[in-house]
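Data block below; observations after.
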Amino acid sequence: MKPVAAARTGALVAAVLLIASGARSHEVAVEQIVRVEMRAEADRLVVRMQIPETALTDARLPRLPDGTLDPAAIDPVLPIVAADVVRNLDVQQDGSPLRSADAAARVGADRTSVDVDATYPIDGAAGLSARLNAFRGGPLQPVRTTVNYARGSGAPQTISIAGPPARVTFDPALPDSAQEFLARALAAALTFGDHLLMLACLLVPARTRRGAARVITTLIIAQAAGMVVFALGSDVLAPALPAAGMIAASLIVMAAVQNIVLARDRFVTVLVSGFGLLNGLAFGRIFTGEAQFAGAHRLAAFAVFVVVFALAESWLGAIAAATRTWLAGRGAPDRILTPLASALIAHSAVHHVIDRGHEIAQGGSFAAEHALLALAVGWAIVMVLVAAGEALREGRLPREPDRIPGSTGR
């Protein structure tokens, strides 16, 4: 066995041995829902909130032996709770804080929540915003804030926020909506995920500028198509997303194998197109989940999201391609660098496959856990067989000269 073939085999076998550490158990969290009703009238904003006492852990509200709130002992605490909730809500108009002079709190009818009412003087309904989800739940009790905002007699705008506090503008103008989704598209493109693994995998082999541009363009067009497909059929496609993500991560492993066996361009193009479509569904879901912040400008926000995402990914691809060309110019051996980098990418991708399998299993399918293990073992076997086959091929065939960027059309 030649040294280069041995290096490829060793790299892939090492990655396979690392795969087994990917499985892990997940604990189930139960969200605590804060419900908010907001109505902008002629000169005032009326706010009503229902807050589970589990989302007010810092207040240490008095309870009865059965775990419900103690109405007699809680009265002295309620004004403090109302003032703190209103302060954290931080309602603003055009960037200027608004003050409520009549904020009040009371124990909810179920005695497991606190109701807070507040009224704010406003100058019309434009430019209103609030800081949502500024609550802290207990262990495995994350807080989600759901807001129904209505302007006069118009249809309400529903917004749901989980995670860290976020300032939200209600019924935003078109420029504000476009700026918001420009930032969200950049965040989506620059966050580590399957798309960056695939981008790296595609650019690990030394390619011409034209070849690199071709695979990046194919990926972006397929992703854009996936985003459009999900936006048009989100209700039907949403349940299938974990499975689609699992397949997409598996295609990254296949792309890594293609790097090692020097697959022809047409095979790479087909694989990239399939991955891009499935990966685009995931980004379509991201937009659909955040479209609530676009107000009446969802179509414009979607256009901004797709275009900015494509530009950001093109920029990342250009940087990666330039870096690969620089390495090749410094004498980096393609026959060693490509299999080693591809093995590492495949290892990360298999972890992503396992994560998607856990999502499917949590949906209630016991058989999914067995399918998950079978898939991981199957990919390990495929990678070892490919490595062995490549080693045999290297031993029988004369070595091809390393490709130099700009010298071939790959």
side-chain contact (heavy atoms from CB on, under 4.5 Å) between Ser96 and Leu98, worked out
CA-CA 7 Å; Ser96 300; Leu98 300 179; 5.8 Å; no
Residues that [X] engages under salt bridge (Lys or Arg N to Asp or Glu O under 4.0 Å), provided they are two or more places apart:
X      : result
Asp90  : Arg167
Asp176 : none
Arg48  : none
Arg63  : Glu53

Any side chain to side chain donor-acceptor pair (under 3.5 Å) pairs touching residues 287-304, not counting sequence neighbours?
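For residues 287-304: Arg184-Glu290.
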Does a side chain donor of either [X] or [Y] reach within less than 3.5 Å of an acceptor in the other side chain?
X      : Y      : value
Arg285 : Ser234 : no
Asp110 : Thr112 : yes
Thr54  : Gln141 : no

Sequence-distant partners of [X], side chain to side chain contact (heavy atoms under 4.5 Å, CB included), two or more places apart:
X      : answer
Val81  : Leu56, Ala59, Leu61, Val77, Val85, Val114
Asn279 : Asp194, His195, Gln223, Phe275, Phe283
Ala255 : Met198, Cys201, Leu271
Arg87  : Asp84

Could you tell me whether the side chain of [X] and the main chain of [Y] form a donor-acceptor pair under 3.5 Å?
X      : Y      : value
Arg151 : Ala40  : no
Glu313 : Leu311 : no
Asn133 : Gly163 : yes
Ser177 : Ala300 : no
Thr208 : Gly211 : yes
Glu41  : Val46  : no

Counting heavy atoms not belonging to Glu31, are there more than 12 under 6.0 Å from its CD?
yes
Please indicate whether Leu174 has more than 12 foreign heavy atoms, meaning atoms of other residues, nucleotides or ligands, lying under 6.0 Å from its CG.
yes
Report the C-alpha separation of Phe305 and Leu182 in whole Å, then their side-chain angles, then the decisive distance to 0.1 Å, and conclude whether the side-chain contact (heavy atoms from CB on, under 4.5 Å) test is met.
CA-CA 6 Å; Phe305 186 89; Leu182 184 152; over 6 Å; no
Grab the two heavy atoms, one from [X] and one from [Y], that are nearest each other, plus how far apart they are.
X      : Y      : result
Val204 : Ser342 : CG1-OG, 4.1 Å
Leu219 : Gly276 : CD1-CA, 4.0 Å
Leu281 : Gly226 : CD2-O, 3.4 Å
Ala55  : Val143 : CB-CG2, 3.9 Å
Ala126 : Gln93  : O-NE2, 3.1 Å
Asp115 : Gly108 : OD2-CA, 3.7 Å

When rounded to the nearest 0.5 angstrom, what distance separates [atom1] in [X] from [atom2] in [Y]?
X      : Y      : atom1 : atom2 : answer
Leu45  : Ile122 : CG    : CD1   : 5.5 Å
Ser314 : Ile216 : OG    : CD1   : 7.0 Å
Ile286 : Phe230 : CD1   : CZ    : 10.0 Å
Phe293 : Thr169 : CZ    : OG1   : 10.5 Å
Phe287 : Phe309 : CZ    : CZ    : 13.5 Å
Ile51  : Ile33  : CD1   : CD1   : 13.0 Å

Any side-chain heavy-atom pair of [X] and [Y] under 4.5 Å:
X      : Y      : result
Val34  : Gln50  : no
Val168 : Ile161 : yes
Arg144 : Ser160 : yes
Phe170 : Ile159 : yes

Kindly determine whether Leu186 and Val308 satisfy side-chain contact (heavy atoms from CB on, under 4.5 Å), including the steps that lead there.
CA-CA 7 Å; Leu186 285 176; Val308 173; 3.9 Å; yes
List for me each residue that meets side chain to side chain donor-acceptor pair (under 3.5 Å) alongside [X], sequence neighbours excluded, and say none if there are none.
X      : value
Arg35  : none
Thr217 : none
Asp102 : Ser100, Thr119

Assess whether side-chain contact (heavy atoms from CB on, under 4.5 Å) is satisfied between Val91 and Ser129, documenting all intermediate values.
CA-CA 6 Å; Val91 177; Ser129 66; over 6 Å; no
Among Val47, Val36, Thr145, side chain to side chain contact (heavy atoms under 4.5 Å, CB included) partner for Leu89
Val47
Taking the ring of Phe181 and the ring of Phe302, is the distance between their centroids below 6.0 Å?
no
